[in-house]
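Just so we're on the same page: letters track the sequence lines, and every chain starts at 1.
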There are 2 protein chains.
Amino acid sequence: MAEEPSEESAPGSTERVLTRRERARAATVGEIKQAALSLMREHGTTDFRFSDIARIMGMTAPALYRYFADRDELLTALIVDAYDDLGAAVADRRDQVPRDDPGGRFHLVAQAYRGWARSEPTRFALILGMPVPGYSAPEEGPTTEAARRAMAQLKSLFYDAAEQGLLDEPTFDLDAGPVSQFVDGREDPMKLGDEADLPAVTFQAMVHCWASLHGFVSLEAYGHLDWMPEDVRDALFIASMRHIADSAGLPAPKTTIS
Amino acid sequence: MAEEPSEESAPGSTERVLTRRERARAATVGEIKQAALSLMREHGTTDFRFSDIARIMGMTAPALYRYFADRDELLTALIVDAYDDLGAAVADRRDQVPRDDPGGRFHLVAQAYRGWARSEPTRFALILGMPVPGYSAPEEGPTTEAARRAMAQLKSLFYDAAEQGLLDEPTFDLDAGPVSQFVDGREDPMKLGDEADLPAVTFQAMVHCWASLHGFVSLEAYGHLDWMPEDVRDALFIASMRHIADSAGLPAPKTTIS
DNA sequence: CGTGTTGGTTACGTTGAATAACACTTATGA
DNA sequence: TCATAAGTGTTATTCAACGTAACCAACACG
């Protein structure tokens, strides 16, 4: 198995070149994941059978255990990939607008988040809707870590904006108690790097934005908003996002939204 | 537990008295569901084994098929129960405050929704987190219907408030396009009975409230907010709910919040 | 009482995850 | 060059769990 314990390419070190075998292995791992995804998409569930994956790949099922110890390990890999992919989609779209337009950035972030969920419903279900039977979410495992990274992409624009002094005063009531204490006296576990600290009230507003965005997208992804036509949902989403962006003190978008 | 399988007591008709056998059967059905729930709680997943349920009940697995055609049917029943239970919890708490205090009612509704999710995390996962693998969520089935009922409990206070003229102007930007047209020209599929129609802008705000509440509670239920201590989460939740209630034009709560 | 319905049993078939034992291929090193 | 080890695949097998079949006991009911 993984006989490369400490490949930890230290920052600055050259990325070790992969041997022929390592490349083949990586390719197979990728193919397995792709097969699992296509099965999931096909059946519209987050379930898959090892035997089906093998059949698609022209292999037999036991061979897959050379690459993943068990079903859960493959599932975990898929979840991590999904989070990373979502995070990347959000970051890409966000960076299409300059840093000095945090309002515009927020809008694109929200759009990307929603768009990804709609275009990849089964993968979204994989990370949003936990319970894959038998899959006991590894507490504090790699999936939690991946989720943190993805969500950090949402948050970085707030830190960015605060750093540039582009945030107005949020319309939130500042909670002078626990929240202030928490925000003021901590090592922020969500920070990506060395961003500026946020005022407590902005922190409140940021979490609120995240939760609202996530809530709308979740409801929509599970079909709980199917009773309204798509154009109504679209308009409602835009209005909601604009509203929470305002509340959080984000300036109005400079860039026209596509 | 609402164990009234198909007794459809039409309004006015006499509630048919259950025979001895029917009562015994209903009791067994209830016991099966309880056993399934306790297994789910024990393992922290939405999964369960028929054989384990049977063992708990001192029966053999095949006997369960006398009560549920298959695993999916039991799962569906559990989901419907969970929605109904959540809806009831929300309604109960809401009605502890008089109708002329919609601000207070909203607060209690939010509190009840969150409280239920925290006290019944596995059942919440069952209805929030997609269909269990192999479980093909019956489109437009009983679960969808149950979800509608539960969510309607959240919404009724808005209709109630509007009927009494207790709603201020929301701070939302009114979308003059699709949303207005949709709200103005429809038979509202979400109404419980003969509530007043909502202004389009209030409708927008209402969905926003729902989504925000749901988003916060979802994130929390899946542990995505575990990085902040509980008192911070509490304060943040209160502040968020107050904020969206304000945005929606709900008056400040008259009743002191417990 | 027979008789049908209901609720239970044991025995069985099937599927699919996971392991074991074995075979072929490829890299590597004396 | 060839022997050996690592890596990747196979077939055969075990095991767990869903679901079905066939049979049996109890009970309601004419």
Side-chain angles (χ1 to χ4, degrees), chain A residues 1-5 7 16-36 39-40 42-43 45-78 131-136, chain B residues 3 5-7 16-36 39-40 42-43 45-78 131-136:
Chain A
M1 294 299 174
E3 307 307 359
E4 299 299 293
E7 265 326 307
R16 236 205 68 222
V17 63
L18 297 175
T19 74
R20 174 178 193 73
R21 271 203 171 142
E22 284 166 333
R23 267 183 288 123
R25 183 176 185 83
T28 307
V29 166
E31 195 183 341
I32 292 173
K33 292 198 272 194
Q34 281 310 115
L39 280 172
M40 284 171 38
E42 188 178 335
H43 294 108
T45 67
T46 54
D47 202 11
F48 53 79
R49 284 187 278 272
F50 259 42
S51 40
D52 287 345
I53 296 176
R55 184 180 39 72
I56 287 181
M57 297 178 64
M59 298 199 323
T60 57
L64 300 179
Y65 290 86
R66 296 285 182 194
Y67 300 91
F68 295 94
D70 55 13
R71 225 171 132 278
D72 279 10
E73 197 172 295
L74 172 52
L75 214 31
T76 301
L78 291 174
V132 175
Y135 178 75
S136 51
Chain B
E3 311 303 359
S6 53
E7 269 322 315
R16 240 205 64 221
V17 62
L18 297 176
T19 76
R20 174 175 195 75
R21 269 203 170 141
E22 284 166 331
R23 267 183 289 125
R25 184 176 184 82
T28 306
V29 166
E31 196 183 340
I32 292 173
K33 293 198 267 194
Q34 282 311 115
L39 280 172
M40 283 170 40
E42 188 177 335
H43 294 109
T45 66
T46 54
D47 201 13
F48 52 78
R49 285 184 273 274
F50 260 41
S51 41
D52 288 345
I53 296 176
R55 185 179 39 72
I56 287 181
M57 296 177 65
M59 297 199 324
T60 57
L64 299 178
Y65 290 85
R66 296 285 182 194
Y67 300 90
F68 295 95
D70 55 13
R71 226 170 130 279
D72 279 11
E73 197 172 295
L74 173 52
L75 215 30
T76 300
L78 291 174
V132 178
Y135 177 77
S136 51

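Across A:Ala35 and A:Ile53, no two heavy atoms sit closer than the pair CB-CG2, 3.8 Å. Between A:Asp70 and A:Tyr65, the shortest heavy-atom contact is CA-CE2, 4.2 Å. Taking both residues in full, the closest heavy atoms of A:Ser51 and A:Ala61 are given as CA-CB, 4.0 Å, listed atom of the first, atom of the second, then distance.
Counting to the nearest Å, the C1' atom of C:dA17 and the CZ atom of A:Phe50 are 8 Å from each other. The interatomic distance linking A:Asp70 (CG) with D:dA16 (C1') rounds to 15 Å, in whole Å. The interatomic distance linking A:Glu73 (CD) with C:dA17 (C1') rounds to 15 Å, in whole Å. A:Arg71 places its CZ atom 18 Å from the C1' atom of C:dT19, with the value rounded to the nearest Å. When rounded to the nearest whole Å, the span between CZ of A:Arg49 and P of D:dC18 equals 15 Å. Rounded to a whole Å, the CZ atom of B:Phe48 is 20 Å from the P atom of D:dA16. B:Glu31 places its CD atom 14 Å from the P atom of C:dG7, with the value rounded to the nearest Å.
The shortest side-chain heavy-atom distance between A:Val29 and A:Phe68 falls under the 4.5 Å cut-off. When side chains are defined from C-beta on, A:His43 does not count as touching A:Phe48, because their heavy atoms never get closer than 4.5 Å. Looking at B:Thr28 and B:Met57, their side chains come closer than 4.5 Å, going by heavy atoms from C-beta outward. By the 4.5 Å heavy-atom criterion applied to side chains, A:Arg20 and A:Arg23 are counted as neighbours.
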Quiz prompt | Worked check of side-chain contact (heavy atoms from CB on, under 4.5 Å) between B:Arg71 and B:Asp47 | solution = CA-CA 10 Å; B:Arg71 226 170 130 279; B:Asp47 201 13; 2.6 Å; yes

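Across its full length, the helix from C:dC1-D:dG30 to C:dA30-D:dT1 shows an angle of 10° between the axes of its 5 terminal pairs at either end, rounded to 10 degrees.
OP1 or OP2 of C:dG7 lies within a sub-4.0 Å distance of a side-chain N or O belonging to B:Arg25. One finds no side-chain N or O of A:Tyr67 lying less than 4.0 angstrom from the OP1 or OP2 phosphate oxygen of D:dG7.
Here the CE atom belonging to A:Met59 is positioned 7.5 Å from the CD atom belonging to A:Glu31, to the nearest 0.5 angstrom. In this structure, the separation between OG1 on B:Thr46 and CG on B:Leu75 is 7.0 Å, given to the nearest 0.5 Å. For the atom pair CE of B:Met40 and CG of B:Asp52, the computed distance is 13.5 Å after rounding to the nearest 0.5 Å.
Contact annotation for A:Phe68: no contact, since no heavy-atom pair falls under 4.0 Å across all strands.
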Exercise. Summarise how protein sits on nucleotides 24-30 of chain D as a single string, 5' to 3': B when a protein heavy atom is under 4.0 Å from the base, S for sugar-phosphate-only contact, - for no contact.
Key: --BBS--

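Along DNA chain D, the nucleotide closest to B:Ala69 and the one closest to A:Thr28 are compared, and the more 5′ of them pairs with A:Thr28.
Residues from residues 57-65 of chain B placing a heavy atom under 4.0 Å of any atom in DNA chain C, listed by number, are B:Met59, B:Thr60, B:Pro62, B:Ala63.
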